[in-house]
Structures are given as structure tokens and as C-alpha cells.
Amino acid sequence: MSGDHTNRPVHGTAAGDVYVALPPTAVDATASGPTRLIVVWPGFDPPRTASALATAIPMTGVPVWRVYLDLPGRSPGGLGSGAILETESIEAYCAAVENAARRLPDALAQIRRDLDIPDGPVGLAGFSAGGAAALLALAHGAVPVSIAALVAPVVAPARAARAVEKRSGSERLWSEHAAALADRLDLGTLAADIAGRDVPVLLVGGAKDRVVPAREITALRDELRRHGGRAESTTFRMGHALAAEPGTEPRPPITEAVRVDGALTDWFRDRLATPAPGAAAQAAQAGPDGGSAEATGDTQPMERRHGSWSSGAGNIPGARTGAGLGHGV
């Protein structure tokens, strides 16, 4: 482990996986409850590593630790490519998702020791395969979770593979064992378990996503609600990836990542934070011209909230918070 616990990223290893922890440096809000930590997993598509995702979606305006944790193992190929049609790739995907959820209690214990964070519920977040890992961990209930936000989570790897088959004209070469593993990670079958945790869940989809179509996101939202879950969803005009290839090193965020960062920042701030003393006065002094709305996939009118822009139709935000830029990692 290395780093300054006050205002610089901390790098370490937990349960065998590398992590990057961004400290709570927001100046306009403070944590309002027992949740002082959000665990975030990257995907098999860019950004593929903890450090790359921490740069793409830093959630700087959230006044708790954001810990970006690598998925176990290495990806032999992106889910949007023909690699997903190979047995080796889908087995690697399933192992990464299941092992991430299984290792979470041990990883979390190590992270708490490294960062001197007391016990309490955590937030979960993830992108693509990392979103599937977060939902699986939530379904299993291995650790107390207070809130979750998932960006393009792979709802059903078998359906993602079928989409690649149609686009490429190639056939799946999965073994029976690999097919069984993929079916086991159909998150729709776990909707009752996820909803039963009574955790507010945000699902973010992309209107141009060919790996996890937006309809899969809304279908999972509806299934969670059918089982009594507290699920919301929002869609942006974006594809699946949130960074340019290869997506393994920190790079300046692309437009899609900036939009998603704003959505997740508002989601967590609304539920985990309270304005710092004087923050409201500063926002009022800035006036209505203190920022500009980012174009999004939402078509509702936009309104200004605590330094960020969000959909006037509800609590789902539309663009990046004005709380600040991400840390260099």
C-alpha cells in the first residue's frame, strides 16, 4: 500500500487484486451516514483496470472513499468482440465475476485496515462485467450494502454472445460447461434475491450499446421492481465502452465517461451526503449561469441541483457534477 490518506490516491492490493482508492476530498458536502466507502469494479471492455476506471469515473463530488478494485484474472478479449464466442473467454468472464463477488468480504476487510475505515455498510458500483459482479455480490448478501449503481452491467452473457454471433456471422464454440456457467450468471434469475436486499439501485444503459442493449437495462429494472426492489434506470447516447482501447492505463475521460460520472456522482451524493456548511450559499451566489448542462441521452428538461445538472423529471441526473475534477491515479 502507498499514498497519503488525506488527499491523494492510495494504491494497494486486497485479496490478491490491485486497488486504487480515491479519498473523500469534496469540499461542498460531507458524509451523512455510516457508509464511508464505495467499491467499484471495472469491466472486460475499456476501462479494463482499476486505475483506468478511477480516472474515467472518479466521482470526486462524493464525500466518501471510492475504491476501484481490479477484477480477478485477466481478460482474454472484450465482450463486444468475437472473443466472447470462445470457451476460454466466457469461462474467464464467469470466473472473474464470481470470484470478485466471493472475494469481496476479504478484500473489504483488507481495504478497511489499509485506509482505517470503520465497519459499516458499503456502496457498490461497477461497469460491464464489474456491474455484474456488483449485482452478484448484492444478491449473495456477503457484506452489508446500502446503495448500488451499475453501468451497462452484463445482464445475461449468453444474450451478449448471441448479439456478437449475429453481427459477426460466427458461431459460438462454448463447451457445455461454459454454457452452464454463463446461464448461472443470468442476473434476471437473481432479481428476487437482489430486490430482497432492499437497496436502492441505479442502472445506467447506453442507447448505442451493442453488448448490453438499453432494453436489457430497463427489463432488469422492471424485474427488480416486480419483486419489490427499489430500482431506477437512465439511458445515455453512448455505446458500451467508457474509454478508448486498450483501456488499461489512466487517460483523460471521454465524453461518455464524463456523463456517467455525473450520473453516479449525483446518485451517491443524494443518498450518502449532506451539503457542507456554506455550500448552499456558495451555490446561490454562483447564480444560474454558474455552469452549463452536458448533452445527455435523456430528453427531459434539466434543472440545477447542488452544483450539478440533473433531469427535471426525477432523481436521475444527466451530466457531470460541478464538484470538481478527478484525481490523477
Ala50 backbone acceptor or donor facing Asp70 side chain under 3.5 Å: yes

Side chain to side chain contact (heavy atoms under 4.5 Å, CB included) evaluation trace for Arg269 with Met59: CA-CA 9 Å; Arg269 278 174 65 105; Met59 296 185 280; over 6 Å; no

Side-chain donor-acceptor contact under 3.5 Å, Asp114 with Gln110: yes

Transitive ILVMFWY side-chain link Tyr68 to Ile147, under 4.5 Å: yes

Under-4.0 Å salt bridge between Arg215 and Asp209: no

side-chain contact (heavy atoms from CB on, under 4.5 Å) against Ala161, all qualifying residues, sequence neighbours excluded: Ile84, Leu85, Arg172, Trp174

Interatomic spacing from CG in Leu187 to CG in Leu224 - rounded to 0.5 Å: 9.0 Å

Salt bridge (charged side-chain N to carboxylate O under 4.0 Å, His left out) evaluation trace for Arg259 with Glu256: CA-CA 5 Å; Arg259 293 169 179 167; Glu256 291 83 352; 5.5 Å; no

Exceeds 12 heavy-atom contacts within 6.0 angstrom, atom CD of Glu245: yes

Partners passing ring pair (Phe, Tyr, Trp, His ring centres under 6.0 Å) against Phe127 (at least two apart in sequence or in another chain): His240

For Leu71 against Pro42, the heavy-atom pair lying closest together: CD1-O, 3.3 Å

Rounded distance (nearest 0.5 Å) linking atom OG1 of Thr234 with atom CZ of Arg221: 10.0 Å

hydrophobic_cluster_shared for Leu181 and Val155, side chain cutoff 4.5 Å: no

Salt bridge (Lys or Arg N to Asp or Glu O under 4.0 Å): pairs with one or both residues in residues 184-202, sequence neighbours excluded: Glu98-Arg184, Arg159-Asp186, Asp198-Arg230

Main-chain N/O of Ser175 paired with Thr87 side-chain donor or acceptor, under 3.5 Å: yes

In one Ile/Leu/Val/Met/Phe/Trp/Tyr side-chain cluster, 4.5 Å: Val143, Leu135: yes

Gly16 to Thr13 - nearest heavy-atom pair and separation: C-CG2, 3.7 Å

Straight-line distance of Asp28 CG to Thr274 OG1, nearest 0.5 Å: 11.0 Å

Side-chain donor/acceptor of Ser32 to backbone N/O of Ala273, under 3.5 Å: yes

Side-chain donor or acceptor of Arg66 paired with backbone N/O of Pro23 under 3.5 Å: yes

Nearest non-hydrogen partners of Pro47 and Leu53, listed with the distance: CG-CD1, 3.5 Å

Distance-minimising heavy-atom pair for Ser128 and Gly43: CB-CA, 4.1 Å

Note, Met238 side chain near Leu242 side chain (heavy atom, < 4.5 Å): yes

Any Pro121 side-chain heavy atom under 4.5 Å of Pro34 side chain: yes

Verdict with supporting geometry, Ser233 and Thr218, side chain to side chain donor-acceptor pair (under 3.5 Å): CA-CA 7 Å; Ser233 70; Thr218 54; over 6 Å; no

Nearest-0.5 Å distance, NE2 of residue His227 to CG of residue Leu190: 10.0 Å

Short N-O contact, Arg225 and Glu232, less than 4.0 angstrom: yes

Heavy-atom side-chain contact between Thr265 and Thr60 under 4.5 Å: no

Partner of Trp65 under side chain to side chain contact (heavy atoms under 4.5 Å, CB included), chosen from Val39, Leu22, Val10: Val10

Chi angles and distances behind the side chain to side chain contact (heavy atoms under 4.5 Å, CB included) call for Ile57, Leu264: CA-CA 8 Å; Ile57 309 177; Leu264 267 60; 4.3 Å; yes

Side chain to side chain, Pro153 and Ile217, heavy atoms closer than 4.5 Å: yes

Heavy-atom check, side chain of Leu138 versus side chain of Val199, under 4.5 Å: yes

Test item: Asp261 and Pro253 side chains (from C-beta on) under 4.5 Å apart, heavy atoms: no

Pair Tyr93-Phe44, ring pair (Phe, Tyr, Trp, His ring centres under 6.0 Å): steps then yes or no: CA-CA 8 Å; Tyr93 165 84; Phe44 269 32; 5.7 Å; yes

Interatomic spacing from CG in Leu203 to CG in Asp222 - rounded to 0.5 Å: 10.0 Å

Qualifying residue for side chain to side chain contact (heavy atoms under 4.5 Å, CB included) with Trp41, from Val67, Leu150, Leu104: Leu104

Closest non-hydrogen atom pair, Ala178 against Glu91: CB-CG, 3.9 Å

Any donor-acceptor N/O pair, Ser168 side chain to Ser170 backbone, under 3.5 Å: yes

Short side-chain donor-acceptor distance under 3.5 Å, Thr248 and Thr49: no

Pair Ser146-Leu272, side chain to side chain contact (heavy atoms under 4.5 Å, CB included): steps then yes or no: CA-CA 9 Å; Ser146 60; Leu272 301 180; 4.2 Å; yes

Cation-pi check, Arg271 onto Trp267 ring (under 6.0 Å, within 45° of axis): yes

For the student: nearest non-hydrogen atoms of Ile254 and Ala244, plus distance: CG2-N, 4.5 Å

Expected output: side-chain Arg36 to main-chain Gly120 donor-acceptor under 3.5 Å: no

Close side-chain approach of His140 to Arg102, heavy-atom, < 4.5 Å: no

Transitive ILVMFWY side-chain link Leu108 to Val145, under 4.5 Å: yes

Separation between CD of Glu165 and CZ of Arg162, rounded to the nearest 0.5 Å: 8.0 Å

Working for side chain to side chain contact (heavy atoms under 4.5 Å, CB included), residues Leu37 and Val122: CA-CA 5 Å; Leu37 168 66; Val122 299; 4.1 Å; yes

Ile38 vs Val40 side-chain heavy atoms within contact, under 4.5 Å: yes

